[in-house]
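Atoms considered below: every heavy atom in the structure, side chains included; atoms not considered: hydrogens, waters and symmetry mates. So that the names make sense, note that chain A is the first sequence line, chain B the second, and so on, each numbered from 1.
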2 protein chains.
Amino acid sequence: MESDDAGLRHSDADTPERVRRQLSRLVGMTAGQLRKAAGAALAEVGAHKDHFVVLASLAEFGPASQSRLSDRTRVYRSDLVAVLNDLEAAGHIQRAPDPEDKRRNVITVTAKGRCRLGELDEVLAGVNEHVMAPLDPAERDTLFALLARVNAHLADG
Amino acid sequence: MESDDAGLRHSDADTPERVRRQLSRLVGMTAGQLRKAAGAALAEVGAHKDHFVVLASLAEFGPASQSRLSDRTRVYRSDLVAVLNDLEAAGHIQRAPDPEDKRRNVITVTAKGRCRLGELDEVLAGVNEHVMAPLDPAERDTLFALLARVNAHLADG
DNA sequence: GCAGCGGCGTTAGTGTCCCTAACGATACGG
DNA sequence: CCGTATCGTTAGGGACACTAACGCCGCTGC
């Protein structure tokens with residue numbers, strides 16, 4: 001076994017070394033696969049990533065206008081409209097005009113919506129479990145922590 | 001100090017916990033920022049991610065047909081055409097008909113192309129340095145290793 | 001009052017990736 | 001030869017991130 005650096009020899013034999021060194025490549029590939037996995041799992045129950053994020057934000061932080069929801073979820077106001085249309089049609093949220101400011105809508109989770117959130121949460125928990133299967137709990141934590149640091153560092157660069 | 005798990009409390013105060021737990025979210029956000037950073041740096045010298053990947057593959061593994069190049073670089077054959085058009089117009093590669101099979105082209109790096117590759121490599125080294133600035137060498141290695149394991153695991157799932 | 005600025009929800013459109021479909025040309029196997 | 005498969009190429013679809021503009025309303029100041 002001339003395996004130098006054991007676990008560090010990652011992936012593809014016919015990917016050039018210069019390319020393999022690029023963090024953006026590795027993260028990008030992983031992101032793509034994670035997006036696919038989560039997207040497919042959510043699609044199976046007729047949902048979308050943004051549906052989950054919006055429901056979670058409403059459930060954890062309470063009702064909000066669409067604008068504030070957009071800020072909290074990082075779903076663009078333009079895209080949020082369609083998401084809320086879906087959720088409203090399914091009875092998961094309620095869109096009511098704000099009596100204090102007629103420009104705004106007040107978005108509220110319904111009981112059905114909280115139930116839906118629980119469902120989506122379970123689906124995604126399954127995905128996470130599958131995705132992080134090869135990592136033990138400590139490794140999962142370090143992965144999160146390292147990514148978070150890189151992420152935070154880039155967020156204010 | 002009620003700081004539980006110290007370094008693990010990552011990022012956004014108004015992101016719901018359920019969402020924060022999703023690896024796909026964290027990886028996705030990071031991927032987006034890395035893509036932006038690398039894309040912008042390459043754009044400043046008039047290049048594209050795929051230009052780099054193609055040049056690197058040719059330089060490391062030698063000439064190839066477009067089809068094999070596509071396999072090696074994971075750039076789709078359809079998209080590869082435009083990339084090779086660019087590189088050929090700039091004199092970085094040579095597109096010659098394969099005498100052994102008139103369907104194929106043989107793609108070869110020129111000297112100018114190797115020089116260009118060096119330039120792009122430096123640009124990206126700078127990006128990597130900037131991006132991974134908050135991590136020490138050991139942490140960078142573990143980040144790569146962990147991502148590679150997740151990635152490899154998803155690749156054959 | 002009312003005029004102007006700015007935030008609200010909404011519609012439409014842009015650009016970039018990743019990916020598929022089909023086509024003419026060429027190779028290859030029966 | 002005839003059918004099938006592969007090559008480079010063109011065109012387009014679909015998801016995602018993002019911008020522009022519009023009509024509506026609130027707010028401030030004159």
Side-chain angles (χ1 to χ4, degrees), chain A residues 24-25 27-43 47-54 63-89 93-107 154-155, chain B residues 24-25 27-40 42-43 47-54 63-88 93-107 154-155:
Chain A
S24 64
R25 171 119 176 152
V27 176
M29 288 177 57
T30 313
Q33 294 192 97
L34 292 184
R35 185 165 37 85
K36 259 191 208 168
L42 286 174
H48 185 268
K49 180 171 62 88
D50 292 343
H51 295 180
F52 172 73
V53 179
V54 166
S65 73
Q66 300 188 195
S67 189
R68 298 183 73 178
L69 247 188
S70 170
D71 291 344
R72 302 212 280 226
T73 59
R74 305 195 177 167
V75 174
Y76 278 67
R77 264 166 282 156
S78 27
D79 301 327
L80 187 57
V81 177
V83 174
L84 293 179
N85 286 344
D86 293 345
L87 292 173
E88 190 181 25
I93 61 137
Q94 190 187 346
R95 224 201 217 119
D98 186 339
E100 291 178 1
D101 188 337
K102 291 177 185 175
R103 290 172 301 179
R104 280 183 279 212
N105 291 333
V106 177
I107 313 296
L154 291 178
Chain B
S24 63
R25 170 116 176 157
V27 175
M29 288 177 57
T30 314
Q33 293 190 100
L34 292 184
R35 184 164 37 87
K36 260 191 207 167
L42 287 173
H48 185 268
K49 180 171 63 86
D50 291 344
H51 294 182
F52 171 72
V53 179
V54 165
S65 73
Q66 299 188 194
S67 189
R68 297 184 72 179
L69 246 187
S70 170
D71 292 343
R72 301 212 280 225
T73 58
R74 303 193 178 171
V75 175
Y76 278 66
R77 264 165 283 158
S78 27
D79 300 327
L80 187 57
V81 176
V83 174
L84 293 180
N85 286 343
D86 293 346
L87 293 174
E88 189 181 25
I93 61 138
Q94 189 188 348
R95 225 201 217 118
D98 186 339
E100 291 179 1
D101 187 338
K102 292 177 185 173
R103 290 172 302 180
R104 279 184 280 216
N105 291 332
V106 177
I107 313 297
L154 290 179

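- Taking only side-chain nitrogens and oxygens, B:K49 comes nearer than 4.0 Å to OP1 or OP2 of C:dC18.
- Scanning atom types as modelled, no donor and acceptor separated by under 3.5 angstrom connect the side chain of B:N105 and the base of D:dC7.
- The A:S78 side chain lies nearest to D:dC18 when the options are D:dC18, D:dG8, D:dA11.
- Counting heavy atoms of neighbouring residues, nucleotides and ligands inside a 6.0 Å radius, atom CZ of B:R77 does not exceed 12 of them.
- With hydrogens and angles ignored, a donor-acceptor pair under 3.5 angstrom links the side chain of A:R103 to the base of C:dG7.
- Note: CG (A:L69) to P (C:dG7) measures 19 Å, nearest angstrom.
- If you measure from atom CG of B:D98 to atom P of D:dT6, you get 17 Å, rounded to the nearest angstrom.
- Each of B:D101 and A:E100 was matched to the nucleotide of DNA chain D holding its nearest heavy atom; the match closer to the 5' end belongs to B:D101.
- Distance, A:M29 CE to C:dC18 P: 10 Å, rounded to whole Å.
- For the pair B:K102 and C:dG24, the criterion of a side-chain N or O lying under 4.0 Å from OP1 or OP2 is not met.
- For the pair A:Q66 and C:dC8, the criterion of a side-chain N or O lying under 4.0 Å from OP1 or OP2 is not met.
- OP1 and OP2 of C:dC18 both lie 4.0 Å or more from every side-chain N or O belonging to B:Y76.
- Nearest heavy-atom pair, B:S65 versus B:R104, reported as atom, atom and distance to 0.1 Å: CB-CD, 3.7 Å.
- In this structure, the CG atom of A:N85 is 7 Å from the P atom of C:dT11, given to the nearest Å.
- OP1 or OP2 of D:dT9 sits under 4.0 Å from a side-chain N or O of B:R95.
- Rounded to an integer number of Å, the gap from B:I93 CD1 to D:dG8 C1' is 13 Å.
- Each of A:R77 and A:K36 was matched to the nucleotide of DNA chain C holding its nearest heavy atom; the match closer to the 5' end belongs to A:R77.
- Put simply, A:S67 has a side-chain N or O that comes within less than 4.0 Å of OP1 or OP2 on C:dC8.
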Under 3.5 Å, which donor-acceptor pairs do the side chains of residues 27-43 of chain A form with other protein atoms, sequence neighbours left out?
residue: A:T30; atom: OG1; partner: A:L26; partner atom: O; Å: 2.7
residue: A:T30; atom: OG1; partner: B:N151; partner atom: OD1; Å: 3.3
residue: A:Q33; atom: NE2; partner: B:N151; partner atom: O; Å: 3.4
residue: A:Q33; atom: NE2; partner: B:N151; partner atom: OD1; Å: 2.8

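- Judged by distance alone, the side chain of A:N105 and the main-chain N or O of A:I107 form no donor-acceptor pair under 3.5 Å.
- Annotation: of the two residues near DNA chain C, A:L84 and B:R35, the 5′-most nearest-nucleotide partner is A:L84.
- Considering only side-chain N and O atoms, A:H48 lies under 4.0 angstrom from the phosphate OP1 or OP2 of D:dC16.
- Closest non-hydrogen pair, A:A64 versus A:R68, comes out as CB-CB, 4.2 Å.
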